[in-house]
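Whatever order the structure lists ligands and atoms in, that order sets their numbers, starting from 1. Side-chain atoms are counted along with the backbone in the values below, which use heavy atoms only and exclude waters and symmetry mates. A quick note: this is a predicted structure, and the numbers were derived from the prediction, not measured.
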Amino acid sequence: MRHTPFCVRFIMAAPRTVDGVEAENTKAGLTQSNSSSGDPKRPQFGTRFLTDPRQVFQHNAWDNVEWTDEQEEAAKKKVLENNQPLPPEKQEEYESRANEYWNEFYTIHENRFFKDRHWLFTEFPELAPQCNPNHEPHPDVSGTDSTQQDGFDLKQCRDSAALSGDSCDFPGSSATYRILEVGCGVGNTVFPILKTNNDPGLFVYCCDFSSTAVELVKTNPEYDSNRCLAFVRDLSNVEAGFPMPDGTLDVIVMIFVLSALHPDKMQASISRLARLLKPGGVMLLRDYGRYDMAQLRFKKGRCLSENFYVRGDGTRVYFFTQEELHELFAEAGLEKVQNLVDRRLQVNRGKQLTMYRVWIQCKYRKAS
Ligand SMILES: C[S@@+](CC[C@H](N)C(=O)[O-])C[C@H]1O[C@@H](n2cnc3c(N)ncnc32)[C@H](O)[C@@H]1O
């Protein structure tokens, strides 16, 4: 096995059972995952398959679950039954006060709700590339001039800034590997990245439109302003600026965030974010898939538009198909690297409940 110089060992959490209301939001089931990706390079560490339905309550979770046609039809029917959208004034209120609802969420739950997740690095090795056994050292890290690697030409910027007397420096401008997490919440992705990816050239940006969440990130003892910058930013406001120029990011991460935006605002938000990527940079997404248990649990009076709902606490969620996500990324000029559906059956053995989870995972690259 190759030596991995800057790595902290990955911790694989054991699968946990989720149940009740918490299951709607929690990512606990994501600690292990599997899918029918067909990607031979993708680590397969969720390999418990249910072959005999009578055995379903033998374990807490089953991977890569096939849905029957009847099950799919029943899910479709359930969604249609609850598909009466709320009146426009209610819709408008949930849109205009969206960040306030998330502020309330974080005021109540602080950082207790979303848990750290170390599956991140197995599913998304781009977050700590030097920890991948097949990793070829990034030329920047081995000491060459990083400025020429950037889509944004930092050297040219510095040269012209020297002439004009302006500055082209920005937070993280001296970094050689820049990651932005959008909709970062309380930092359950950011802090594991900072802990695991010890590349001295790393800089992590993270933003959320909940000022309460961003404050919780900044006051976390693990927040290090030499390696990280947290800021408040509404993704759906595409006119607002970012603290880094276009063409400077290696990775943009979105974990259960795009689904919280109004569907009409998703395309512009993704297209705006794509501009921030360097050529060759990647956008990583994990989010709710169509007919996930959380969608089927919504009762009448919660639907905002097709496949878009408001929870009891005023936060909203959309349930995607793979095709919809592909369209969004392709329209933003990105190329598919991965777009897979992850179906998992979680079991509450005590209550003899079965919970079918559906998540979608995507990686899309900006052409070099
Ligand atoms: C389901 S939480 C996920 C949080 C975090 N990514 C995680 O996995 O722990 C969705 C997050 O998206 C944020 N969010 C929702 N809409 C947003 C928007 N328009 N701009 C920025 N952040 C947004 C919310 O404040 C919340 O922190």
Which ligand 1 atoms are under 4.0 Å away from a heavy-atom of [X]?
{"X": "Leu235", "result": "18 (C), 19 (N), 20 (N), 21 (C)"}
{"X": "Gly185", "result": "27 (O)"}
{"X": "Glu181", "result": "6 (N)"}
{"X": "Ser210", "result": "25 (O)"}
{"X": "Asp234", "result": "18 (C), 19 (N), 20 (N)"}
{"X": "Arg233", "result": "20 (N), 21 (C)"}
{"X": "Phe256", "result": "1 (C), 2 (S), 3 (C), 10 (C)"}

Apply salt bridge (Lys or Arg N to Asp or Glu O under 4.0 Å) to residues Arg286 and Asp342 and explain how you reach the verdict. CA-CA 10 Å; Arg286 181 132 178 136; Asp342 193 344; 2.9 Å; yes
Selection from Gly183, Cys206, Gly187, Ser259 by shortest heavy-atom distance to atom 5 (C) of ligand 1: Gly183
For atom 2 (S) of ligand 1, the option (of Trp102, Tyr288, Phe209) bearing the nearest heavy atom: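 Selected option, by shortest heavy-atom distance: Trp102.
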Using the ring centroid of each side chain, check whether Tyr288 and Phe256 are separated by less than 6.0 Å. yes
Taking the six-membered ring for Trp, are Tyr177 and Phe203 closer than 6.0 Å centroid to centroid?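 Centroid separation for Tyr177 and Phe203: 6.0 Å or greater.
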Does Tyr205 reach the side chain of Phe242, with side-chain heavy atoms less than 4.5 Å apart? no
Could you tell me whether the side chain of Phe308 reaches within less than 4.5 Å of the side chain of Tyr94, counting heavy atoms only?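 Side-chain contact under 4.5 Å: no.
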Under a heavy-atom criterion of less than 4.0 Å, does [X] contact ligand 1?
{"X": "Cys184", "answer": "yes"}
{"X": "Ser236", "answer": "yes"}
{"X": "Tyr106", "answer": "yes"}
{"X": "Lys265", "answer": "no"}

Taking atom types as modelled, find out whether Glu331 and Gln267 have a side-chain donor-acceptor pair closer than 3.5 angstrom. no
Can you name the residues that form a salt bridge (charged side-chain N to carboxylate O under 4.0 Å, His left out) with Lys76, not counting sequence neighbours?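 For Lys76, the residues satisfying salt bridge (charged side-chain N to carboxylate O under 4.0 Å, His left out) (neighbours in sequence not counted) are Glu73.
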Considering only NZ, NE, NH1 and NH2 on the basic side and carboxylate oxygens on the acidic side, decide whether Asp246 and Arg272 come within less than 4.0 Å. yes
State plainly whether the residues Asp250 and Lys278 are in salt-bridge range, i.e. N to O under 4.0 Å.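 A salt bridge is present here (some side-chain N lies under 4.0 Å from a carboxylate O).
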Short version for Asn99: what comes under 4.0 Å of ligand 1, heavy atoms counted, is neither
Can you spot which of His262, Glu324, Glu306, Gln295 makes a side chain to side chain donor-acceptor pair (under 3.5 Å) with Tyr318?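 One option only clears the test, and that one is Glu324.
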For ligand 1, find out whether one of its N or O atoms is nearer than 3.5 Å to an N or O atom of Ala213. no
